[in-house]
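Data block below; observations after.
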Amino acid sequence: MHEVAGERPKDFIREIIDQDIETGRFGGRVHTRFPPEPNGYLHIGHAKSICLNFGIAQEYGGLCNLRFDDTNPATEEVEYVQSIMEDVHWLGFDWDDRLYYASDYFDQMYGYAVELIKMGKAYVDSLSPEEIREYRGTLSEPGRDSPYRDRSVEENLDLFERMRRGEFAEGACVLRAKIDMASPNLNLRDPTIYRIKHLPHHRTGSKWCIYPMYDFAHCLSDSIERITHSICTLEFEDHRPLYDWFLDALGVYHPQQIEFARLNLSYTVLSKRRLLQLVEERRVWGWDDPRMPTLSGLRRRGLPPESIRRFCERIGVAKRDSIVDVALLEHTVREDLNLTAPRRMGVLRPLKLTLLNYPEDQEEMLEAINNPEDLSAGTRPVPFSRELYIEQDDFRENPPPKYYRLAPGREVRLRYGYFVRCVDYRKDPATGEITEVFCEYDPATRGGDAPDGRKVKATLHWVSARHAVDAEIRLIDRLFDRPNPTEGDEDFRTRLNPDSLQIYRGCKLEPSLAEADPSCRFQFERLGYFIADNRDSRPGALVFNRIVSLRDTWAKIEARLAKSSNHDRD
RNA sequence: UCGGGGGUCGUCUAAGCGGUAAGACAGCGGCCUUUGGAGCCGCCGAUCCAGGUUCGAGUCCUGGCCCCCGAGCCA
C-alpha cells in the first residue's frame, strides 16, 4: 500500500524551514536551488538532492533554480549540461525560466573580489602551489603567513588586474582571502578564491583566464539568486564558516546553508569518479548502461521516474551516514509497476511443448486479462495452437519436493488456456538436456477452469510457436557482488558481479509485443517487468530489458533446498 | 594528533523538545490465488558504553568508545 501523504513526519530540513517561516526570517520566502557541476552524468544520489530541493519548493509554494556550477573549465562540457537538463526533466521537475550558470556571474564575482582586496581582506599570493601547501600547516599544526600576505591594496589591485588580463602563467599566483592561517578549520587558512586557467570555458569562451573557486562562487551565486536555503551534502559542513565569511565580509544577502547525508545504495557505487572509471575502462557499455545507477542508466533499464521520486521520499533525509538497501528501490518499482504494467506472456528459455491430441492445423484465440490489478485495462486475444513454447525451468524430469510445475505424468494449467498433462518427453542423449515435451490437453478446461472442479498446483506461461515473435532479453542484476563494494582494501572493480548482465537470444514473445517500444513497460507474467531497450530495440529486432524481477518465492525455496542438501553432505 | 559532524530493529526513517520506542524494507510463518505474482494476517527485531539528574531518560548532564568528513590552484 502507498502510505498516506502528509503522515510522514518532517525531516530536519523542513523543520528548519518551518521555523524560518514562522520567524519571518526570509520574509516567509522559500527558494532553493539544484547546483550540479556539468562534469558528469547525474545518478540516483543526485535524484535525492533534486527531489529535496524541487520538492521543498513545491511544498512551500516556493521556487527552485537549476544552476550549473561551472567554475572549472578543465572538467566541464556542454554534453553534460544537456544530459543534466534531460535527466531533471525526466525525473519530473521543471525549473521554468530559472536556469542559471555560475559563469553568468563572473563579472559580478570579479567585482566582489576587487572589493575584498580594497577592504584588505584578499591578496595576491605568488607562492607556488607546493609552497602554499607547506605554509598551510597540517590538521594538527597551524599554518604560517605567506610572505606576500601583506602586499599593499594598490599592489594587489594591480596584480589581480594583471592576472585577469592573462599576464601570468597558470600557477604563478592566486588570489586568496585573508582570514587566519592558524585556524583549526583548514578552509579558513587563507583559502584560494581565484586561480589562473588558460582554458576556454564552455559558456564564456576565452573571455576569462581566471576562475573563481567553489567556496567563493557558490555562496555568491546563492546570494545573487536570493536563495533562502542552500542545501548541500555533509562534506561541506566545515565550509559553512567560509560560506558565511564571504557573505558577511561583503555585506550581501545571506542564505542559510544546510547539510544532509548523501545517498549510498547497497550493491552499487555512487561516486562520479568511480562511475567514470567504469565507463572509461569499458566495464559497462556507457553512462546509460542499464546496470548503471545513473539516471540515464535507470531510464534505459526502465525504472519509472515516479518510482525514483517515491523512493527518495521513503528514504528520508538526515545527517547520519547510511547505506540504503537497494531492495527498497526494487520494492518501490514493483509496487508501481504492479498497478500499471500491462501483462504479457513471453518465454525466456523456450522449451517446445507439443499437444499430441490438438489438431495439427487448428488454432484459436484465447482471451487474456491485461491487468488483474486494473480490470479496466481489459483483455486481449492470444493465439493458441498445437505447438507451444514453455519455459525450460517449468519442466523437470525428476521434480524435487515442493516443485509444482510440469513433470512426467503431471497436470498443470497453461495460463488462460487449458489443463495439460505430460505424457512423454525427449532428451538429448549427449547432453541430457530436455529437448521437447509432449502433453495431452483437456478440451473441457478451455480458459483454465476444470468443470469437474479438479485443481492443479501450477499455472505456466506459454506462447504459440507459430505465432511467436523473437526477441533478445537482457536480465539486469546488481552491478557488484556485495552490499558495500568500496569497503576494505581491495579495489572496488574486483567486486563486480560477473552476472550483472545476462543476455538471452531467441526468446519467444506473444505477437502483441511485436510493435512494443520504450514508451510502455510490461509485466511478462511470472518473469518480471520489462521495457524495450531505448537504444537497441526496433520492430523486427526486439530487445527487452528486465526492469526488475517479480518476487520469486520458488527461487528462495530452491536455494534453501540446495543449501540443506549441501549440509547433508557435510 | 586538531577541527567539524554522527551513533535507535539486519537496513532506512520516526518518536509534538522528559511520559507505552513507531513505520517501511529485508527475513521468517500462515491465509488466499488461473502469475510460486499481487493481496491479507502474524512473528522476529533496536536506543554505542558507564555513571548522574528525575516519579520517569532514546531525549538532559558528565566521562568514555566507535564511525564519517577535512591539509585541491576540484566541486
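Here the structure is a predicted model, which means the values were calculated and not measured. Proteins come first, then strands; the chains are lettered A, B, ... in the order of their sequence lines, and each starts at number 1.
In this structure, A:Arg310 does not reach the B:rA24 phosphate: none of its side-chain N or O atoms is under 4.0 Å from OP1 or OP2. The phosphate of B:rG37 (OP1 or OP2) has a side-chain N or O of A:Thr553 nearer than 4.0 angstrom. For the pair A:Arg136 and B:rG72, the criterion of a side-chain N or O lying under 4.0 Å from OP1 or OP2 is met.
In the set B:rC28, B:rA71, B:rC73, B:rC73 carries the atom at the smallest distance from any side-chain atom of A:Met213.
When heavy atoms are screened at a 4.0 angstrom cut-off, A:Arg343 is found touching base atoms of the nucleic acid. A:Tyr211 comes within 4.0 angstrom of no nucleic acid atom, judged by non-hydrogen atoms across all strands.
In terms of polar N and O atoms assigned as donor or acceptor, the side chain of A:Arg405 comes within less than 3.5 Å of the base of B:rG36 in a complementary pairing.
Nucleotides B:rA46 and B:rG27 have their C1' atoms positioned 16 Å apart, rounded to a whole Å. Here the separation of B:rG19 from B:rA57, taken at their P atoms, is 11 Å to the nearest Å. For the C1' atoms, the distance linking B:rA26 with B:rG45 amounts to 12 Å, nearest Å. For the P atom pair drawn from B:rC67 and B:rC31, the interatomic distance equals 47 Å after rounding to whole Å. Separation of the P atoms belonging to B:rG58 and B:rU8 is 15 Å when rounded to the nearest angstrom. B:rG39 and B:rC32 have their C1' atoms separated by 8 Å, given to the nearest Å. If you take atom P in B:rC9 and the same atom in B:rU47, they sit 7 Å apart, rounded to whole Å. Rounded to the nearest Å, the gap between the P atom of B:rG16 and that of B:rA21 is 14 Å.
Residues A:Met163 and A:Ile210 share a closest heavy-atom pair of O-CG2, 3.5 Å.
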- Item | Under the 3.5 Å Watson-Crick or G-U criterion, the dot-bracket string of RNA chain B, with | for inter-strand pairs | .((((((..((((.....[..)))).(((((.......)))))....(((((..]....))))))))))).....

Protein and nucleotides 14-16 of chain B: nitrogen or oxygen contacts under 3.5 angstrom:
unit_1	atom_1	unit_2	atom_2	d
B:rA14	OP1	A:Val317	O	3.3

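RNA chain B is contacted by both A:Lys556 and A:Arg195; A:Lys556 maps to the nucleotide lying nearer its 5′ end (nearest heavy atom per residue).
Panel note: side chain A:Asn371, backbone A:Leu339; a donor-acceptor pair is recorded below 3.5 Å.
For the pair A:Arg454 and A:Phe419, the cation-pi criterion (under 6.0 Å, within 45° of the ring axis) is not fulfilled. Taking the ring axis of A:Phe522 as reference, the NZ or CZ atom of A:Arg344 does not stay both within 45° of it and closer than 6.0 Å to the ring centre.
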